[in-house]
Amino acid sequence: MSYVSEVYAELERKHANEAEFLEAVKRILESLQPIVDANEELYRRNALLERFVEPERIITFRVPWTDDKGVNHINLGYRVQFNSAIGPYKGGLRFHPSVTQSILKFLGMEQILKNSLTGLPIGGGKGGADFDPHGKSDAEVMRFCQSFMTELYKYIGKDVDVPAGDIGVGGREVAYMYGQYKRITNLYEGVLTGKGLSFGGSLARPEATGYGLIYIVDEMVRTAGRELAGKTVVISGSGNVAQYATEKAQQLGAKVVTLSDSDGYIYDPDGIRLDIVKEIKQVRRGRIREYLEAVPTAKYVEGERPWGIRCDIALPCATQNEINGTQAGQLIKNGCWCVAEGANMPSDAAAVDAFLAAKILYMPGKAANAGGVAVSALEMSQNSERLSWSFEEVDGKLREIMVNIYRNVSETAARYGYEGNFVVGANIAGFEKVSNAMIAQGLV
Ligand code: NDP
């Protein structure tokens, strides 16, 4: 049995009920095979893979809170502190009813490699709760965030673990959690990123993941001798990542024709009017179908995802496993030649196989959506310096980081004999730095 298979079999035995985590590890380990083959003796001696797949620590806790009617609720809160070899744990908090330890471990594992790819000194972590902010009042969300932080604060700190937002955790939630952290600890420090501008947030952080996604797409497309201008783009989701990906794609001359939420998708062949989407999602916190009230010529398809719409470029920006093998086949058949993931692991294993087999440009999430965490790390730097950089400065650094990620991923793939396979490239490029640091630091 190969070293990779041995480690995976043992993990499967120990964590049989963690399907999402096992799936993520399997896919990552498979693509690390070339670097493991080249270093097997060294890795075995250092128990490297066995350590790489187990989080350094997982904290779970109950989160009691009271709703506006006075009814008490208990949710489950988590923080997975996965790997601190190259920096303090860093990764978002997700509030969604689907949150489990397995999902957070899968996201944490992805985060280790993503953070490494940014070239910045940040380790991997992820956390959240099975709390659903939809339909909750501001006061309920505030009470939940305060209760969540009343437990979490014990385990985080500006040089220990610096959480950020993710699904269901935006500026409002980060602000409530920051307020509670400060109140309990009496520290005014950069313990969370994605903060408001008036209390330590970075310009361009809200835009960073979406903009970064388009910067890497632009680089990838130009390297392939094509251009973004004039291309038709299909995007899923309508949250933070989807909105700012739409904004930057439109600025660069592409036409975005779809957005979605968990109820369905909108198709506007004339190009999505982002001002309307922002009003629905950021101001009213409404549903994407409300777009038709302002643009009756658009179409709304309930209960479906937009992968049947003809496009050049597809950008899944909602959630994990939102494209299956059949849908991937449909995209390719309709002429799609580029897929880049704004969301974390939105393509399932069959979809990834289909993209790789068709040899289209395919950039996995850990590279394509790394702009968010990169600017979060820049927020940490600004907090340490007690300085605020201009939008242009942060945006310029973001662009440079995304271009560097593309080059690193593409060169690493070629160096290991997998030219054009950015899955292998991203996983190995991220892993190289982390594994070197883990070996150098000894058996910890
Ligand atoms: P938001 O909460 O702002 O938006 C999420 C969007 O995806 C919403 O439109 C939501 O619809 C939709 N969605 C969520 N779950 C599902 C589901 N099960 N089925 C269909 N649609 C769904 O989150 P973000 O935009 O921040 O995050 C989107 C993705 O990007 C996630 O995978 C996240 O991990 C990833 N990501 C985010 C980063 C960031 O900086 N924010 C950084 C890197 C990755 P609805 O409102 O109906 O739930």
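Ligands are counted one by one from 1 in listed order, and the atoms in each one are counted from 1 as well.
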For Glu247, is there an ion pair with Lys278 - N to carboxylate O distance below 4.0 angstrom?
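Salt bridge present between Lys278 and Glu247.
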Sidechain N-carboxylate O distance under 4.0 Å for Asp275, Arg273
yes
Taking 4.0 angstrom as the limit and counting only heavy atoms of [X], give me the atoms of ligand 1 inside it, by number and element.
X: Ser238; result: 9 (O)
X: Gly237; result: 9 (O)
X: Arg94; result: 31 (C), 32 (O), 33 (C), 34 (O)
X: Ala343; result: 29 (C), 30 (O), 32 (O), 35 (C)
X: Ile167; result: 2 (O), 23 (O), 27 (O), 31 (C)
X: Arg305; result: 19 (N), 20 (C)

Does [X] reach ligand 1 with a nitrogen or oxygen that is under 3.5 Å from one of the ligand's nitrogen or oxygen atoms?
X: Val241; answer: yes
X: Lys281; answer: no
X: Lys126; answer: no
X: Asn369; answer: no

cation_pi([X], [Y]) dist<6.0 Å, angle<=45:
X: Lys136; Y: Phe131; result: yes
X: Lys397; Y: Trp389; result: yes
X: Lys195; Y: Tyr178; result: yes

So is [X] in contact with ligand 1, going by heavy-atom distances below 4.0 Å?
X: Gly165; answer: no
X: Gln243; answer: no
X: Ser260; answer: yes
X: Met345; answer: no

Donor on one side chain, acceptor on other, Glu30 and Tyr8, under 3.5 Å:
no
Aromatic ring proximity, centroids under 6.0 angstrom, [Y] and [X]:
X: Tyr215; Y: Tyr406; answer: no
X: Phe422; Y: Phe355; answer: no
X: Phe52; Y: Phe431; answer: yes
X: Phe61; Y: Tyr78; answer: no

Quick check: do Arg305 and Ser236 have side-chain heavy atoms less than 4.5 Å from each other?
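No, too far: nothing below the 4.5 Å cut-off.
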Is any side-chain heavy atom of Ile288 closer than 4.5 Å to one of Tyr300?
yes
Evaluate side chain to side chain donor-acceptor pair (under 3.5 Å) for Asn75 paired with Asp130, printing each intermediate quantity in order.
CA-CA 6 Å; Asn75 284 96; Asp130 60 353; 3.0 Å; yes
May I ask you to identify, for [X], whether its side chain, its backbone, both or neither come under 4.0 Å of ligand 1 on a heavy-atom basis?
X: Arg205; answer: side chain
X: Glu322; answer: neither
X: Asp261; answer: both
X: Gln320; answer: neither
X: Cys317; answer: backbone

Looking only at protein heavy atoms, identify the closest one to [atom] and say how far it is in Å.
atom: atom 33 (C) of ligand 1; value: Asp166 OD1, 3.1 Å
atom: atom 4 (O) of ligand 1; value: Gly239 CA, 3.3 Å
atom: atom 13 (N) of ligand 1; value: Ala318 CB, 4.0 Å
atom: atom 2 (O) of ligand 1; value: Gly168 N, 3.2 Å
atom: atom 41 (N) of ligand 1; value: Asn240 OD1, 3.6 Å

